[in-house]
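The structure appears right after this line, and notes come after that.
Here the structure is a predicted model, which means the values were calculated and not measured. Protein chains get the first letters and strands the later ones, always in sequence-line order, with residue 1 at the start of each.
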Protein chains: 2
Amino acid sequence: MSSEPTVTRRELIKGAAAGGMVVAAAGALSGCAPVAPSNLPEKWDLEADVVIVGLGGAGAAAAIEAARAGAKVLVVERMPVGGGSTVLCGGLIYMGGGTPLQTATGFEDSIENMYEYMLAAAGEGADPELIKIYCEKSPGLYDWLVDLGVPFKESYIPGKYAAVPTDDGLAYTGNEMQADYKTVATPVPRGHHVKGLDHTGKVLYPPLLAGVEAAGAEIYYEASAQRLVLDHDGRIVGVVVEIDGVEEYIKAGKGVVLCAGGFAANKEMVAQHCPQYLRSQFLVGTKTDDGHGIRMGQGAGGDLRMMGDAFAYSGIYEFGEALVKGILVDDRGRRFIGEDNYGSWVGRALIQGHPVSYVIVDQSIWDEIPEQGRAYIAEHIKYLGPADSIAELARVADINLELLENTVRFYNERAAKGEDPECSKDPHYLVPLEKGPFYAINFPAAFAWFFTTGGLKTSGKAEVLNPFGQPVPGLYAAGRNAFGVSAQQYPGSGTSVGDGLTFGRIAGSNVAALEPWS
Amino acid sequence: MSSEPTVTRRELIKGAAAGGMVVAAAGALSGCAPVAPSNLPEKWDLEADVVIVGLGGAGAAAAIEAARAGAKVLVVERMPVGGGSTVLCGGLIYMGGGTPLQTATGFEDSIENMYEYMLAAAGEGADPELIKIYCEKSPGLYDWLVDLGVPFKESYIPGKYAAVPTDDGLAYTGNEMQADYKTVATPVPRGHHVKGLDHTGKVLYPPLLAGVEAAGAEIYYEASAQRLVLDHDGRIVGVVVEIDGVEEYIKAGKGVVLCAGGFAANKEMVAQHCPQYLRSQFLVGTKTDDGHGIRMGQGAGGDLRMMGDAFAYSGIYEFGEALVKGILVDDRGRRFIGEDNYGSWVGRALIQGHPVSYVIVDQSIWDEIPEQGRAYIAEHIKYLGPADSIAELARVADINLELLENTVRFYNERAAKGEDPECSKDPHYLVPLEKGPFYAINFPAAFAWFFTTGGLKTSGKAEVLNPFGQPVPGLYAAGRNAFGVSAQQYPGSGTSVGDGLTFGRIAGSNVAALEPWS
C-alpha cells in the first residue's frame, strides 16, 4: 500500500461548526494581489513611524506596544472590521509558567515545566529559542490581558477541551496528560479561557481593539496592503496600500509589522507547500488568510520556515469523552493513534496517512454520547449502523472484515486488562467493545479543521530574517505571517492566539525602539 | 502514542554504501556563505551571455544547450572537479514514453502511460505541467544522451532495482508494479541504466563534460558563486564569484542558471524545512549540497516549493528479493507498508512515523539472502537472532510480544492463502513465517538514504518564479536547486538525474534565447 492513499469517499459536512472553532465566510476581498516590492516614491501620501498590516490579535498587540512606546502607529486592515482569526477563535490562550489563574485554581506550573512540555509537544522543527521566549513572556501576557480588561473567571473545569463549553477560566487543552508527554513535564492545565459562553474570541477582541485606540494608534479599515516599499539598500521604508480604490504610499519611518494571517484560504499556496492539507474542508480563519502578508515578506527578502506542516484538528473528545472509549480505525480496519490524543495529533495522522477513517463504538458508548451530540452526528457527520456484529459493520462500512475483527479482538482482550500496547490510550478509556449493536462514525481527514503554521522565518525579536540569517531591516512579523512555536505539532488549543499576542507585543516594542531611517 | 516517535536506538552503519548510491566525502568548501544580492558594479571582471552555477548533470545539460544555441557560456563550479551528485549516482535515468531502448527490449510505453504513472507516483503536490514536460522530453533525452556518447546496452534485467547490479540497460526502478500503481498505468520498466558496473554515474558524466567542452562553454573550477547581481529593476545581470580567494563580478548578458544542488548537507536548512529528515544519517550527494544555490535564488526574489518533503530511500529488496518475503514491523510490532514498495515509499514511512523498525524473517528466508548480503548485514546493518520463537525474538528486540505475535499470526494465516489485506504485498512474496529460528534485521529510519527534492519554484521553462507567480527576469534553475517532478514521493530511481538533465536542457535553451539586457 502507499503511505499516501487518496481520499476516495470525501464527503461534506453540511452546516455549522463542530467544536470550538468557526469558519468565517468573510466579506469579499478588495481585489488585492500582492506584487513585488516598490522603490521609494517621489512623495508619501501618509506618514507614520510604524505601519502594521492586519488587525487581528497579533496586529492589535503590536499596535498597542508600539503606540504605548511613543511611536506614531498606523494600522491597515483589509476587512471592514478587525479581529481576523482571533475574534473567531474559541477564546482560549495557551499560557502558563505560574499565571495568577493557575495559582488561584491550585495548579503549580513553572516556566521550565511549560517549556519542557511545549518543546516536546511542538514536534521536530520546533525552535527552542522562540518557545523559551513564549514561556518566559507567558505570565506577563496574562497580566497584560487582564489590565486591558479581558475577563477570566477564576475557576477550573476538569476534562480536556479544544473549546470550553462553560465560562470557566482554566482547562486542559493539549496533550499534557497523554502517555507520551506526562512523563516529559508535570501535567498542568494551560488553556486560559476568556470568560463567557460560545467562542469567546468575541469577548477577547474588543478589549484589544479598545487598547489599540486608547494607545493612540490610527486604524484604516478596508485598506489593503499591496506591497512593501524598499530603499536601494533593501531597508523597508513603507507600504503601498489600496484605500478606497486608490494606491496610497504610506511611509514607515521606523518599520513595518506584518500580521496579516496564514495561507489556509489560498489553495494554490497550500498545494505549493503542504498539499496534503487540501484534504481538510474546513478553514479556521477568514478569507484574508490568503498568504498575502507572507508573500509580501518574501518579496522583500524574507525566508520561509516549516511551510510543509500545518494544524489540522479532529478531536475525538468533541462530544464529551464517550467516543474516546471507541476505537479509531482506517479503511483497512487498523488503529493508528491513541484516541485520547489532542485533536491536532489525530488530525495530522488522518491528513497524512489515514484519510478515510471511522470511530467504532458499541451501543453502550453510543448511549453515553449526549443527545445533542448524537443529533449532530446524525445530521452532519453521518454514521453507519447500528449493525448487529463487527462483521456486519465492516460490510456496510467497506472495511476489511478480517482486519477489523482482528483489531477489535486484540483491542478487547487487552482493554479488559486495562492495557493498550498498540496505541497507549489511557486505561481510563479502555472498555472492550463486546456487545452490539455497533456503529461506525465518520471521521475522515476531510472533516479536520485546518490553519497554517508555517510562515516567515523570524528571530526572537520578531524580525523577519532573510535566507542568509540576517534581519530584513525594518521588517517584523507575528501571528500566522510568521512561523511561531508550533512545528510539526500543536501543543494545545490557544497556542496560535498566544503566539500571535506574544510575538505581536515583541514586534511592537522592538520596531518602536528603532532609530528612524530618515 | 505520538505519530512522531523519537529514534531511541539510533545506530551508525560503519563503512560503505548499501545499494546504488554513494555518500561523498567531498573536499572542503572554499568558505562560501552566500549573502544577499548585490547591485551593479562599476565594472565587470568577466563577461558572458550565460553564467551557469554548478556543473553537475543539470549544469552540464544547461551549458551544452546554451552554448550550442550560440551563447557565450561560463560555468562556475565550487569543487575542483565537476559532476556533483550525478557522477556519484547509480547511473540510472528515468526515461520512457517509448525510448528506442524500451522498444528494442520489447516494452511498449507511451508519453501518456508514463505521465499517468509519474503523476500518481509523485504524490500530492506534484505539478502536472512539469511532469507532462518531463515525459514529452523523455524519448528525445535518450537520443540526446546517445548522441553525446553515453552508452546503454540493449538489454533488460528482470526484477526491481534501485541500482542495477549488471551492465544491463533497462530495469524496473520504481513502484510501477506495486498494487496501488499497476492499475493506474501499464507497468513498464523506465530505469535506463548507463552501461557498466557499479555506480555508472561515473560513466554518464564524462560524455556530458566532453559535450560542455565541445560546445565551447568555459569552465571555472574552485569558483564559488557568492551572490547574484541585480539591477535596480530586479533583473539578474550577473554573479559574484570567488575565484582564488578574490571576488570577481561576472556579467551575465542574458541570464544565470542555478544548478548548484540541494540542501541535504545543510542540517540547519533541513531543520528549518523538513526536520524529520534529520533522522537519516546518509546523504546522497556532496558537501556542496548545502542549499547555497537555493538561497541565492531566494535572495534574488525566488519563491520556494515543497520544501517539507524529501527523498529517503530504504529498499527492502536491496539484497535480492529474499527480504521482501519478510515483514517490516516497527518497535510496537506493527506492519505499516507493503514490503515490496519502492524504497522511497518505505523510507518515507520510516522517516515520518516508524523510525525504529525491523525486517522479521525466518531461517528459510535468511538462507535465501546471498552470502555477500548476509555478511554485509552482519557487519554493517546488524540483526537480532537467531531466536527460536517469535516470542524470544520480541524479547531480544524489545518489541511488544503480544502485538508482534498477533501481527505474525494474522500475516501467516493470510499469506498461506496468498492474501495481504493489511499492506497489499504482491502474492509472489507471501510466504508464512512459520519455522524458526527467526531474525530481526535492523531497518531504522537512520539508515535511509536522503536527498532533498524541494527547491526554487520554477515554470515549465525553468524560469525561477517569485512569490507573485512572475519570473525573476534572467534567472533559471534546474536539478535540485529547483522543485522538480517529485513531490511527496519519488517515482523511481533515476528521476532526479532525469529531472536535472531535462530541465537543465530547457533552462539552457531558454536563457540562450533571451535578448541581452544591455
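Proximity to chain B (any heavy atom under 4.5 Å) is shown, for A/Met307, by neither the backbone nor the side chain. Contact annotation for B/Glu339: neither backbone nor side-chain heavy atoms come within less than 4.5 Å of a heavy atom of chain A. Using a 4.5 Å cut-off between heavy atoms, A/Glu405 does not touch chain B at all.
Taking 4.5 Å as the limit, some side-chain heavy atom of B/Asp309 sits within range of a side-chain heavy atom of B/Gln352.
For the set B/Pro275, B/Gly308, B/Ala271, B/Gly301, the count of heavy-atom pairs under 4.5 angstrom toward chain A peaks at B/Pro275.
The aromatic rings of A/His354 and A/Phe336 sit parallel to each other, their planes meeting at less than 30°, with 60° as the upper class boundary.
No donor-acceptor pair under 3.5 Å is formed between the side chain of B/Arg335 and the backbone N or O of B/Thr407.
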What do the steps show when you test B/Arg332 against A/Ser424 for side chain to side chain donor-acceptor pair (under 3.5 Å), and what is the final call? CA-CA 10 Å; B/Arg332 296 216 184 210; A/Ser424 305; 2.9 Å; yes

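Under the rule for a side chain to side chain donor-acceptor pair (under 3.5 Å), B/Asn400 has no partner lying at least two apart in sequence or in another chain. By the side chain to side chain donor-acceptor pair (under 3.5 Å) test, A/Gln272 is found to be paired with B/Asp303, B/Lys457, residues two or more places apart in sequence or in another chain being considered. Contacts of A/Asp231 classified as salt bridge (Lys or Arg N to Asp or Glu O under 4.0 Å), with partners at least two apart in sequence or in another chain: none.
Ring centers of B/Tyr342 and B/Tyr313: under 6.0 Å apart, within the cut-off.
When the heavy atoms of residues 408-417 of chain A are compared with those of chain B, the residues falling under 4.5 Å are A/Arg409, A/Phe410, A/Arg414, A/Lys417, listed by number.
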